There are 2 protein chains.
Amino acid sequence: MKIENKNIEDINIGIIGFGYIASGVFSLIQRQKDYLAKKIKKNLNIKRIAEKDLKKIEASSMKGLKDIKVSSNADDVLEDESIDIIVELIGGINPAYDYVYKALSSGKYVVTANKDLIANRGGELLAVAERNNVDILFEASVGGGIPIIGPLKSSLASNNISKIVGIVNGTTNYILTRMEKDNLSFDEALKKAQELGYAEKANPSSDIEGYDTACKLAILSSIAFNSRVTLNDVYREGIKDVSSDDIKNALDMGYRIKLLAIGIEENGEISVKVHPALIPISHILASIENTFNAVYVYGNYIDEMMSYGRGAGDRPTASSVVGDIIKIARNFDRKKKGIIYGCSCFEDKKFKSIDDTISKFYILIDVADKPGVLARIAEVFGRNLVSINSMIQKQTDKEKSARLIFITHEVVNKNLYKSISEISKLDVVDKVLSIIRVEDLS
Amino acid sequence: MKIENKNIEDINIGIIGFGYIASGVFSLIQRQKDYLAKKIKKNLNIKRIAEKDLKKIEASSMKGLKDIKVSSNADDVLEDESIDIIVELIGGINPAYDYVYKALSSGKYVVTANKDLIANRGGELLAVAERNNVDILFEASVGGGIPIIGPLKSSLASNNISKIVGIVNGTTNYILTRMEKDNLSFDEALKKAQELGYAEKANPSSDIEGYDTACKLAILSSIAFNSRVTLNDVYREGIKDVSSDDIKNALDMGYRIKLLAIGIEENGEISVKVHPALIPISHILASIENTFNAVYVYGNYIDEMMSYGRGAGDRPTASSVVGDIIKIARNFDRKKKGIIYGCSCFEDKKFKSIDDTISKFYILIDVADKPGVLARIAEVFGRNLVSINSMIQKQTDKEKSARLIFITHEVVNKNLYKSISEISKLDVVDKVLSIIRVEDLS
């Protein structure tokens, strides 16, 4: 890690946490050091690494790692006054929050890929950064290698963003893609994802239940709508109730099912929700397959734009982490420092309850196959102001049983919930199998 | 244009040229002034406008325009020492080059949407900017409202980019989309594009013949490959020889025809070419319809990413112009100034001649329908090392005539040209109707 070019300045970097992503960042900086020095006229110099489990580092054969000062105590990195940028890659809220707080408080820049930290406590950390005339950048926390936070904060910053729709979790997108293409059940597709390392074996719930997606939506929405959105503000449904039947029915009607992160700002109110949805096959978001991610943005000047790419993996994530380091390093001035983007949550908008949002719904109901059943269901929908756009009746395997597929017009969500609750109790209804929103993305 | 907030600094802007895009920029800044002041903590203050044809400004009823100092002489703007950023929107190389040179030389930042200027003389202007410790930004010169230059210069900067593929001209993409969807000839689709204002009526050749696309490719490739590429370096074919038959044949084989801008770097050699190409319908670039644009990037860390959106129009273009102004304004320091991205062409790579590039080809040939014809054509291909992947024979309307559709394997372009030249002269060959490259985008 010697200075190769005496004419250009060293930017000293300390890494906290040395897992999968950090190894990728270390390797990228080592391999691209000369390339970056020519490009940004700065030397990226990894000076110290802190990792609780020193065996991880001892076990690594990575080139150049032996020359770095390594410690099991994060303070050894945080208190090194020569370090300009702290790269936080331990994940989780604690103790990451304390480390980042300490780094910013002592005038160091921070780069992180930690979506939990930013989605839960990003506002506080951005405020600390601003008070200390530095910044915390987190491009890698959403969409892996896809540039989306930077563009929202700069190129697109003059737009009022009305809506943002993301496919931002590779695991669930992989599962839904394989369910459709290989005709698998949810459990079979999850197993395949686990075998390939796309889903955690011990506990895949963060992906499957939409927590990961909700964190990313909170981060994107805070930036898009200039008002703080945290994980707790996000309505959330996962994909484990999506069946092969739902996927087939959707296809038959020209739709594909995706787990969407949707943020909407309308009349000063924010609605943020994560749920599976039927989207038209003709929309470009329906083409996002397997582990790919995409974020679609609607703005009053750009109209529509989308950023697409690899949403996970050590190399794409490292690309975004180092991209943030480059943003800080390029015009770095140790004496003056300064805010790169800063916090743009200058408003405090209200949230719309999921009950009051408006959606179209796909509903699958098994009923007794006898006269008058449809009339009774239709009566409940009608009384609750749920208007039906289309209905298909199919035979089921069971005798004297029929399956009804409804697509509603736009309805207030609480009216739909109330009608489903009533319909479930009808003696002619066997089971309400599925309730999934339909998003036309227009 | 009074300062609304006394606590935040004014960034003084001078606009040169007041046509369609400049009106959009002016209108955006006026409408979003307070919003941007809150977001970037700077006041964007349009101080002067220069427009050769003052009637354009007199005829405008735009709000706030009366309060701005207007002149028909660009020097009145360029010589105003209080102006920090010059927005050049007259287009064309001259006199834009002189104006931008003068602005940069006197330590002003420049923002431009001028693709001709950057594609032809960008290198010189970036050097002037660097000597004067300022910068020239040009996000709007490629892909209208789509952020791509910024991401390439920052978030993606640590990658070695091996390939870049763009659909960056809305007019030609609209024509090709309508030819397919509405079953139109090229001339009919062009007429429709002209009626809708997507193509120039007097002289649509800049779009149709691929000049516009080639300028954009030169700009993107210079950044992607860290080596200067100018318009003259780009191989170029337009779309006017693409027929309805080609589009139908392509569809039958699972392809869609798009005008592509392709930049490739391999073993230190750059290949830059603009031509129509058959691309697999399953690839996401095949979903880019009508006037939408997209840029697909292959990098060694991100793997693949794509940026998609509106490639033209006053509002999307204004969004990118103001995005560049924001990049300069956010950390503006009148005393210190500084380079935002600077020039990254630190290498001087060789260009590969189109003759030596390797492609697959789609070839359509009308021949006499008699025994031995195919053998004679196959002999020419074989002798020139052109290997055939598939061949379909169809009947034509004419008696004793057949149509052959070939798809080749990867071949050296000069070998293909030589075989086509020989095949054209065969007495059994009526006409070689089409030669279009096939890009698998893998």
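Please read all numbers here as calculations on a predicted model, not as lab measurements. In what follows, every heavy atom counts, from backbone to side chain, and hydrogens, waters and symmetry copies are set aside. First the proteins, then the strands, lettered A, B, ... as listed; each starts at 1.
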Practice problem: Find the one option among B/Glu347, B/Glu304, B/Arg31 whose heavy-atom pairs under 4.5 Å with chain A are most numerous. | Solution: B/Glu304

Self-check item: B/Tyr174 backbone acceptor or donor facing B/Thr291 side chain under 3.5 Å
Solution: no

Quiz item: Just wondering, do B/Gln32 and A/Tyr301 contact through their side chains at under 4.5 Å, heavy atoms?
Solution: yes

Exercise. Would you sort out whether A/Asp348 and A/Ser227 count as a side chain to side chain donor-acceptor pair (under 3.5 Å), showing the intermediate values?
Key: CA-CA 5 Å; A/Asp348 189 11; A/Ser227 184; 4.6 Å; no

Practice problem: Would you mind checking which part of A/Leu137 comes under 4.5 Å of any heavy atom in chain B, side chain (CB onward), backbone (N, CA, C, O), both or neither? | Solution: neither

Self-check item: Check: B/Ser141 and B/Lys216 side chains under 4.5 Å, non-hydrogen atoms
Solution: no

Practice problem: Determine, for A/Phe346 and B/Lys38, whether the Lys NZ or Arg CZ falls below 6.0 Å from the six-membered ring centre while staying within 45 degrees of the axis. | Solution: no

Quiz item: Looking at A/Val321, A/Asn226, A/Ile146, which has the largest count of heavy-atom pairs under 4.5 Å with chain B?
Solution: A/Asn226

Quiz item: Which bit of A/Phe292 comes within less than 4.5 Å of chain B, counting heavy atoms only: side chain, backbone, both or neither?
Solution: side chain

Quiz item: Side chain, backbone, both or neither: which part of B/Asp333 has a heavy atom under 4.5 Å from chain A?
Solution: side chain

Quiz item: In terms of heavy-atom proximity below 4.5 Å to chain B, should A/Asn293 be classed as side chain, backbone, both, or neither?
Solution: neither

Quiz item: Is it the side chain or the backbone of A/Cys343 that comes within 4.5 Å of chain B heavy atoms, both, or neither?
Solution: backbone

Practice problem: Find the one option among A/Met305, A/His283, A/Met306 whose heavy-atom pairs under 4.5 Å with chain B are most numerous. | Solution: A/Met306

Quiz prompt | Residue selection (most heavy-atom pairs with chain A, distance under 4.5 Å) from B/Asp303, B/Thr317, B/Val322 | solution = B/Asp303

Quiz item: Going through the distances and angles, do B/Glu9 and B/Arg334 end up as a salt bridge (charged side-chain N to carboxylate O under 4.0 Å, His left out)?
Solution: CA-CA 10 Å; B/Glu9 194 180 10; B/Arg334 201 160 278 129; 3.5 Å; yes

Quiz item: Any donor-acceptor pair under 3.5 Å linking the side chain of B/Thr177 with the backbone of B/Asn290?
Solution: yes

Practice problem: Please answer whether the main-chain N or O of A/Ile167 pairs with a side-chain N or O of A/Lys258 as donor and acceptor at a distance below 3.5 Å. | Solution: no

Self-check item: More than 12 heavy atoms of other groups within 6.0 Å of A/Lys63 NZ
Solution: no

Exercise. State, to 0.1 Å, how close A/Ser319 and B/Ile302 come at their nearest heavy-atom pair, and which atoms those are.
Key: OG-CG2, 3.3 Å

Practice problem: Select, from A/Gly338, A/Gly145, A/Ala157, the one with the greatest count of heavy-atom pairs under 4.5 Å involving chain B. | Solution: A/Ala157

Exercise. Measure distances from A/Leu28 to the heavy atoms of chain B and classify the residue's part below 4.5 Å as side chain, backbone, both or neither.
Key: both

Exercise. Side chain from CB out, backbone as N, CA, C, O: work out which of these in A/Lys327 comes under 4.5 Å of a heavy atom of chain B, or both, or neither.
Key: side chain

Quiz prompt | Option in A/Ile288, A/Asn331, A/Leu36, A/Ile325 with maximal non-hydrogen atom pairs under 4.5 Å from chain B | solution = A/Asn331

Quiz item: Which atoms of B/Asn300 come close to chain A, meaning under 4.5 Å heavy atom to heavy atom: side chain ones, backbone ones, both, or neither?
Solution: both

Quiz item: How would you list, in number order, the residues of residues 147-156 of chain A that have a heavy atom less than 4.5 Å from chain B?
Solution: A/Pro147, A/Pro151, A/Lys153, A/Ser154, A/Ser155, A/Leu156

Exercise. Heavy-atom distances under 4.5 Å only: say whether B/Glu139 touches chain A with side chain, backbone, both or neither.
Key: side chain

Self-check item: Considering all heavy atoms, the nearest B/Tyr341-B/Asp135 contact
Solution: N-OD2, 2.8 Å

Self-check item: Minimum heavy-atom distance between A/Asn159 and A/Gly299, given as atom pair plus value
Solution: OD1-C, 3.7 Å

Quiz prompt | Residue pair A/Gly107 / A/Lys337: nearest heavy atoms and the distance that separates them | solution = O-NZ, 2.7 Å

Quiz item: Going by heavy atoms in the side chains, are B/Met62 and B/Ser23 under 4.5 Å from each other?
Solution: yes

Quiz item: Which atom pair, heavy atoms only, marks the closest approach of A/Lys33 to A/Leu44?
Solution: NZ-O, 2.6 Å

Self-check item: A/Tyr35 portion near chain B, given a 4.5 angstrom heavy-atom threshold
Solution: both

Quiz item: Can you tell which of B/Ile326, B/Asn160, B/Ile339 has the highest number of heavy-atom pairs within less than 4.5 Å of chain A?
Solution: B/Asn160

Quiz prompt | Under 4.5 Å from any heavy atom of chain A - which part of B/Asp324 | solution = neither

Self-check item: Segment of A/Arg310 engaging chain B (4.5 angstrom heavy-atom cut-off)
Solution: both

Self-check item: Closest-packed option against chain B by number of heavy-atom pairs under 4.5 Å, given A/Gly144, A/Gly342, A/Ser158, A/Gly313
Solution: A/Ser158

Quiz item: Side chain of B/Lys163, backbone of B/Val297: donor and acceptor closer than 3.5 Å?
Solution: no

